[in-house]
Amino acid sequence: MMGCSVEDSVRLTVVECASTVEMPNVFSPNGDGTNAVFQPIVVRGIERYSLGVYNRWGQELFRSIRPSLGWNGQTPTGLPVPEGVYYWVLEYSAIHEPDTVFIVNGTVTLLR
């Protein structure tokens with residue numbers, strides 16, 4: 001009796017589950033068009049998003065629920081804020097954990 005051989009193949013699809021948000025630590029809305037807006041550098045695997053930017057007295061200067069909409073260094077009334085350090089808080093949910101809210105915060109230096 002002759003031996004038998006069987007062949008099979010498997011296709012794997014790798015899905016990136018990790019969520020990633022990377023924020024810059026400096027921006028310069030000085031009119032030259034380079035680094036003029038404070039917004040995430042990298043956004044991956046995010047479902048819900050809310051970014052707030054505050055001055056040193058805790059007054060909210062900016063809020064966005066879209067990663068593509070960044071802060072241009074102005075007050076809510078459109079006046080440019082002075083150079084300095086501003087505090088930001090980012091709340092988001094990852095696609096793979098929609099019921100968990102992640103909160104990260106930091107500072108950004110505005111240079112003109």
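Under the 3.5 Å distance criterion, the side-chain polar atoms of T107 are left unmatched by any main-chain donor or acceptor of Y86. The closest donor-acceptor contact from the side chain of E47 to the backbone of A94 lies at 3.5 Å or more, if one exists at all. With hydrogens and angles ignored, the 3.5 Å screen pairs no side-chain donor or acceptor of T20 with any backbone N or O of R44.
A 4.5 Å side-chain heavy-atom check between T109 and L111 finds at least one atom pair inside the cut-off. The closest side-chain heavy-atom distance from F38 to W88 is below 4.5 Å.
Y92 and F102 have their aromatic ring centers within a separation under 6.0 angstrom.
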Taking only distance into account, with no hydrogens and no angle test, what donor-acceptor pairs under 3.5 Å do side-chain atoms of residues 24-34 form with protein atoms, sequence neighbours excluded?
{"unit_1": "S28", "atom_1": "OG", "unit_2": "T34", "atom_2": "O", "d": "3.4"}
{"unit_1": "N30", "atom_1": "OD1", "unit_2": "D32", "atom_2": "N", "d": "3.2"}
{"unit_1": "D32", "atom_1": "OD1", "unit_2": "T34", "atom_2": "N", "d": "2.9"}

Would V43 and E22 satisfy side chain to side chain contact (heavy atoms under 4.5 Å, CB included), going step by step from the backbone distance to the final call? CA-CA 7 Å; V43 178; E22 293 180 24; over 6 Å; no
Given V42 and V21, is the side chain to side chain contact (heavy atoms under 4.5 Å, CB included) satisfied, shown in steps? CA-CA 5 Å; V42 175; V21 180; over 6 Å; no
Derivation of the side chain to side chain contact (heavy atoms under 4.5 Å, CB included) call for W71 and L61: CA-CA 9 Å; W71 182 43; L61 301 172; 3.9 Å; yes
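Taking every heavy atom of both residues into account, P67 and P40 meet most closely at O-CD, 3.6 Å. For the residue pair I103 and E91, the shortest heavy atom distance occurs at CG1-CG, 3.8 Å. Across all non-hydrogen atoms, the minimal contact from S93 to P98 is OG-O, 3.6 Å. The two atoms that bring E83 and R112 nearest to each other are OE2-N, 2.7 Å, heavy atoms only. Residues Q74 and V81 approach most closely at C-CG1, 4.1 Å, considering heavy atoms. Across G45 and S19, no two heavy atoms sit closer than the pair O-CB, 3.5 Å.
Ring planes of Y54 and Y87: tilted class, angle from 30 to 60°.
In the hydrophobic clustering of ILVMFWY residues, with side-chain heavy atoms under 4.5 Å counting as a link, V53 and V104 come out together.
N105 CG to L90 CG: the interatomic distance, rounded to the nearest 0.5 Å, is 9.5 Å. Here the CG atom belonging to L51 is positioned 9.5 Å from the CD atom belonging to Q39, to the nearest 0.5 angstrom. With rounding to the nearest 0.5 angstrom, the CZ atom of R48 is 9.0 Å from the OG1 atom of T100.
In the displayed structure, I41 atom CD1 is contacted under 6.0 Å by more than 12 heavy atoms of other residues, nucleotides or ligands.
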